[in-house]
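Below is one structure, written out as structure tokens; comments come after it.
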Amino acid sequence: MTNEYYQNLDKQYIANTYKRQNVVLTRGSGSTGFDAEGKKYIDFTSGIGVNSLGFCNENWVSAVTAQISTIQHTSNIFVSVPDTVLAEKLCKAAGYSKVFFANSGAEANEGAVKIARKYGADNKGKECVNIITMQNSFHGRTIAALEATGQDVFHKNFYPFTGGFRYVPMNDKEALEAAFDETVCAVMIELVQGEGGVIAADKDYVRFLADFCRDHEILLIVDEVQTGIGRTGTLLTSRQFGIAPDITTLAKGLGGGLPIGAVLMNEKTEGVLSYGDHGSTFGGNPVSCAGGVAVLTELLDCGLLEEVSPKAEYIREKLLEIPQIKELSGLGLMIGITLADGYTASDIAAKCAENGLLILTAKTKLRMLPPLNITKEEIDKGLEILAKTLE
């Protein structure tokens, strides 16, 4: 079948909630995908940071197919082997004591919100339920996660919200202090705002924030849905900022292409939720967890994590050699690209797709989230396409 055939089916039967590029991906290997007519694309998107090992990594495929041939699902009233194996590996590597598995980043953030509010109510009273988040943040599209998102553009059309969130500018210490009172139970932050334009927080501010939360006996939640699982060069980006959050949320790259989310809890927060307080039918699905084990094995046991920072440095150096690129932002393999005047990121992304390169946007910037195991050959080919497109 042709690309047009599938595009027509998409328009006819799938809800019109996505602005599609003119690409139909049918197969892939590594960081290279192919459409229905055999056209090749270099992938600088990883499915928006999800395919951490690229398309169809051999070890990941073996782990997933072995699990799906054994047990594809079981209720959480029983113990699942991949669930427990992933939990142990993730908690030990990340430095946490407990984890709750969900199905997405939004669900993970909803779980974090529930923990924070119960913690506040248990320790300071039932009025201690407010959470401070950052302006320009993005935490998901479910109702509570959407309200936690500090961007008005995402709040249109979906009132009434649940309430209980306050927004402050990132890196503004005085605004944080002014927003705090005894009804605040937590602060939630992305250390690099992804959808907000690939903007990293100031390290000094983040350390101030961690001290502030500790001194006021409130929780620090770090949303690492996009920054986690090696994306910025360390397993958790919080390590680069020298902090140890009470709760860290993960998703995207953890499953390597399968839906999974995770709420990591330390000793302070691990006992907040008790029997019946939270749950998920598909959370901890054996197949998704098997994929997660394969991802962590590649990252931690096979040396992939050590490759991220050198690749990021190489890509950034090459990008800055392109005359139409003004500056870069982000951390590691989470790269924001500010283009020269006269260039529109969305137009360039569409033209790149025509030329065989898949690349993302974030507000006015191009955004790169390539697979962590992308090869130098694929990097060079993708950058060549980008440079020629900008010419």
Side-chain angles (χ1 to χ4, degrees), residues 1-65 68 103-105 141 194-195 225-226 229 231 251-260 287-288 291-292 294-295 298 311 315 333-335 337 345-362 366-386 388-389:
M1 297 296 183
T2 64
N3 292 327
E4 184 179 9
Y5 172 82
Y6 293 110
Q7 288 166 335
N8 288 336
L9 286 181
D10 175 85
K11 291 175 183 177
Q12 184 175 356
Y13 294 109
I14 295 182
N16 185 28
T17 59
Y18 303 104
K19 187 176 181 180
R20 308 280 202 201
Q21 288 193 359
N22 191 28
V23 177
V24 178
L25 290 176
T26 59
R27 61 186 177 92
S29 177
S31 298
T32 302
F34 299 85
D35 69 13
E37 297 166 9
K39 182 178 176 179
K40 182 189 295 187
Y41 299 85
I42 300 298
D43 182 19
F44 278 2
T45 75
S46 302
I48 313 186
V50 171
N51 295 337
S52 45
L53 304 181
F55 295 117
C56 302
N57 172 268
E58 183 178 348
N59 293 331
W60 181 88
V61 169
S62 295
V64 168
T65 52
I68 206 168
N103 305 289
S104 68
R141 295 183 184 274
E195 305 303 319
V225 167
Q226 192 166 141
I229 312 300
R231 172 57 54 187
K252 288 190 179 291
L254 177 59
L258 291 172
I260 191 170
V287 182
S288 293
V295 168
E298 291 286 311
K311 287 178 183 177
I315 291 173
L333 289 178
M334 187 175 180
I335 304 171
I337 302 171
S346 58
D347 291 343
I348 295 300
K351 291 182 184 296
C352 282
E354 292 176 11
N355 296 331
L357 173 66
L358 305 180
I359 195 165
L360 300 162
T361 62
L366 291 176
R367 176 172 43 151
M368 288 178 55
L369 298 169
L372 305 184
N373 60 349
I374 189 170
T375 66
K376 184 176 181 297
E377 179 183 5
E378 290 168 322
I379 291 171
D380 288 342
K381 179 60 177 175
L383 293 177
E384 179 185 352
I385 295 171
L386 176 59
K388 288 184 176 179
T389 302

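At a threshold of 4.0 Å, the pair Arg367-Glu195 counts as salt-bridged, since one of the basic side-chain nitrogens sits closer than that to a carboxylate oxygen. For the pair Lys381 and Glu377, the salt-bridge criterion is not met [side-chain N within less than 4.0 Å of a carboxylate O]. Between Lys351 and Asp347 there is no salt bridge, since no side-chain N of the basic residue sits under 4.0 Å from a carboxylate O of the acidic one.
Residues Thr26 and Asp35 form no side-chain contact, since every pair of their non-hydrogen atoms from C-beta on lies 4.5 Å or further apart. Within the 4.5 Å cutoff, side-chain heavy atoms of Leu258 are placed close to those of Trp60. A 4.5 Å side-chain heavy-atom check between Ile359 and Met368 finds at least one atom pair inside the cut-off. Within the 4.5 Å cutoff, the side chain of Leu369 has no heavy atoms near those of the Phe44 side chain. Phe34 places none of its side-chain heavy atoms less than 4.5 Å from the side chain of Leu25. The side-chain heavy atoms of Arg27 and Cys56, taken from C-beta on, include no pair separated by under 4.5 Å. Annotation: side chain of Ile335 is in contact with side chain of Ile315 (closest heavy-atom distance under 4.5 Å). Counting heavy atoms from C-beta on, the side chains of Lys252 and Ile229 never come closer than 4.5 Å.
Between the side chains of Asn59 and Glu298, at least one donor N or O sits under 3.5 Å from an acceptor N or O.
Listed for the Lys40 side chain is no donor-acceptor partner under 3.5 Å among the backbone atoms of Gly33. Between the side chain of Glu378 and the backbone N or O of Gly30 there is no donor-acceptor pair closer than 3.5 Å. Panel note: side chain Thr389, backbone Asn355; no donor-acceptor pair is recorded below 3.5 Å. Side-chain atoms of Thr45 come within 3.5 Å of backbone N or O of Gly47 as a donor-acceptor pair.
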Check the pair Val24 / Gln7 against side chain to side chain contact (heavy atoms under 4.5 Å, CB included), numbers first and verdict last. CA-CA 7 Å; Val24 178; Gln7 288 166 335; 3.6 Å; yes
Check the pair Ser31 / Asp43 against side-chain hydrogen bond (donor to acceptor under 3.5 Å, both in side chains), numbers first and verdict last. CA-CA 5 Å; Ser31 298; Asp43 182 19; over 6 Å; no
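In this structure, Asp10 places its CG atom where more than 12 heavy-atom neighbours from other residues, nucleotides or ligands lie under 6.0 Å away. Residue-environment remark: CD1 (Ile68) stays at or below the threshold of 12 foreign heavy atoms within 6.0 Å. By the neighbour-count criterion of 12 heavy atoms within 6.0 Å, atom NZ of Lys388 is sparsely surrounded, having that number or fewer from other residues, nucleotides or ligands. Within 6.0 Å of CD on Glu4 lie no more than 12 heavy atoms contributed by other residues, nucleotides or ligands.
Each of Val295, Leu372, Val61 was compared with Leu53 under the side-chain contact (heavy atoms from CB on, under 4.5 Å) criterion, and only Val295 meets it.
In this structure, Ala36 and Thr2 approach most closely via the heavy-atom pair CB-C, 4.1 Å. In terms of heavy atoms, Pro370 sits closest to Ser46 at C-OG, 2.9 Å. When every heavy atom of Ala294 is checked against every heavy atom of Ala63, the shortest pair comes out as CB-CB, 4.0 Å. Minimum interatomic distance between Gly194 and Ala362 (heavy atoms only, all atoms of both residues): O-CB, 3.6 Å. Closest approach of Ile42 to Gly382, counting heavy atoms only: CG2-CA, 4.0 Å.
A search for side-chain hydrogen bond (donor to acceptor under 3.5 Å, both in side chains) contacts involving Thr65 returns nothing, not counting sequence neighbours.
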